[in-house]
Amino acid sequence: MGDLGRYLLEMRERKGTTLEEISQVTRIGKAHLAALEAEEFSELPAPVFIKGFVRSYCEALREAPDQALRLYVAASEESAPCRPMPARQPAPAPRWRSPLLAAAVLLVLLVAGLAAITLMARRGEGPPSTPAESSTALGSASEPAPARAVPTPPPAPAPAAVLAAAPAPVPAVSAPAPGGSTPGPPQRLVARTSEPTWLRVQMDGGEAAQELLPAGATREWTAERRFVLTIGNAGGVELELNGRPVPSLGPRGAVIRDLVLPREDAARPTS
């Protein structure tokens, strides 16, 4: 029995407690507790469990486990077998000492040398001339050189008198618009709501835009000729046509259908 076993045994006897009582409190088998007091660590599980056994043993006796844990660490280090140091293996020989690698290096150097010699020989010789090129050169030496083409001078500008006598171009006159009237400026309509108002606006007989406008909203539309409006709350909207306010359309909640603006282009609106 070592220091740890004597320490645990004396502490248990001092408390007047048996191994059976500690086993019932800690749920550790009595055989494991006896092996712990005898320091027979080979009969116990892994060291992490042995530390838990020591801690539970001391807590069952209401003692601090610090001293017992220190004694267990010292005892486990003394009982641990010495592991032999692994023998150092000789370092492998460098790869460049392999005969196959050396032969491959020599072959690469030989091919590179032959390529360099071939390149130098090609640079020292000129490109061979073909028979067609030789005959062309001989023929060109016996025949006279062709005469150069003389550039033709540009035509002289016409005299100022001729330009003055020429008739001036007549400007093109645009044809009048169909119906004998020219289109006027586009129409601009602005709507400002003081209350929620439903609006439907059709521009020049095309597609209509409709929207439920909240209070305080502002919308703007443009058209070539006219607008056709349907208003769900006449008293909740103010209209402005081409920068001028449109007179009041009706009281709050009144419905206006097929209102044509400008008024002179349409029939009287119905409500």
Side-chain angles (χ1 to χ4, degrees), residues 1-119 192-198 209-219 232-233 236:
M1 183 182 296
D3 295 338
L4 175 63
R6 284 193 297 271
Y7 179 80
L8 296 177
L9 179 60
E10 292 175 359
M11 182 170 51
R12 180 171 59 84
E13 291 179 348
R14 187 171 61 251
K15 296 289 184 176
T17 306
T18 62
L19 290 178
E20 289 81 358
E21 295 174 347
I22 297 177
S23 177
Q24 293 177 359
V25 174
T26 60
R27 303 297 181 180
I28 301 173
K30 180 181 177 182
H32 285 168
L33 295 176
L36 184 63
E37 288 186 354
E39 296 188 13
E40 295 177 354
F41 301 135
S42 59
E43 303 295 329
L44 297 174
V48 64
F49 294 103
I50 299 177
K51 289 184 178 180
F53 291 170
V54 173
R55 188 182 302 275
S56 300
Y57 188 104
C58 297
E59 291 176 354
L61 298 176
R62 297 183 180 180
E63 293 288 341
D66 299 339
Q67 179 63 21
L69 290 174
R70 284 193 292 269
L71 293 176
Y72 164 69
V73 173
S76 61
E77 290 179 354
E78 292 178 357
S79 61
C82 297
R83 296 182 180 178
M85 295 294 293
R88 296 183 60 184
Q89 298 180 356
R95 292 185 177 181
W96 59 268
R97 295 183 182 180
S98 174
L100 294 178
L101 183 59
V105 172
L106 292 176
L107 181 59
V108 172
L109 293 177
L110 180 60
V111 173
L114 292 176
I117 295 173
T118 305
L119 182 60
R192 298 181 177 88
T193 58
S194 58
E195 296 178 359
T197 305
W198 184 85
Q210 55 185 357
E211 184 180 357
L212 177 60
L213 301 179
T218 301
R219 297 291 186 272
N233 182 8

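Shown here are the side-chain contact (heavy atoms from CB on, under 4.5 Å) partners of A46, two or more places apart in sequence or in another chain: V48, F49. The side-chain contact (heavy atoms from CB on, under 4.5 Å) search around A104 returns none, not counting sequence neighbours. Annotation: salt bridge (Lys or Arg N to Asp or Glu O under 4.0 Å) contacts of K51 (sequence neighbours excluded): none. In this structure, the side-chain contact (heavy atoms from CB on, under 4.5 Å) partners of R12, at least two apart in sequence or on a different chain, are L9, T17, L19, I22, E37, Y57, L61. Applying the side-chain hydrogen bond (donor to acceptor under 3.5 Å, both in side chains) criterion to E43, with sequence neighbours excluded, gives no partner residue.
In terms of heavy atoms, L212 sits closest to W198 at CD1-N, 3.8 Å. Residues S56 and I28 approach most closely at CB-CD1, 4.0 Å, considering heavy atoms. Residues G5 and E39 approach most closely at N-OE2, 2.9 Å, considering heavy atoms. Taking all atoms of both residues into account, the shortest heavy-atom contact from T193 to P214 is OG1-O, 2.6 Å. The shortest non-hydrogen separation linking C58 to A68 is SG-CB, 3.6 Å.
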Run the numbers on F41 and L4 for side chain to side chain contact (heavy atoms under 4.5 Å, CB included), then give the verdict. CA-CA 11 Å; F41 301 135; L4 175 63; 4.1 Å; yes
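Put simply, CD1 on I50 and NE2 on H32 are 9.5 Å apart, with the number rounded to the nearest 0.5 Å. Interatomic distance, L109 CG to L114 CG, rounded to the nearest 0.5 Å: 11.0 Å. To the nearest 0.5 angstrom, S194 atom OG is 7.5 Å from N233 atom CG.
The stretch residues 60-73 participates, sequence neighbours left out, in these side chain to side chain donor-acceptor pair (under 3.5 Å) pairs: K15-E63, Q67-R70.
Residues P45 and F53 are in side-chain contact: their nearest non-hydrogen atoms beyond the backbone lie under 4.5 Å apart.
Panel note: side chain T197, backbone E195; a donor-acceptor pair is recorded below 3.5 Å.
Residue-environment remark: CZ (R219) exceeds the threshold of 12 foreign heavy atoms within 6.0 Å.
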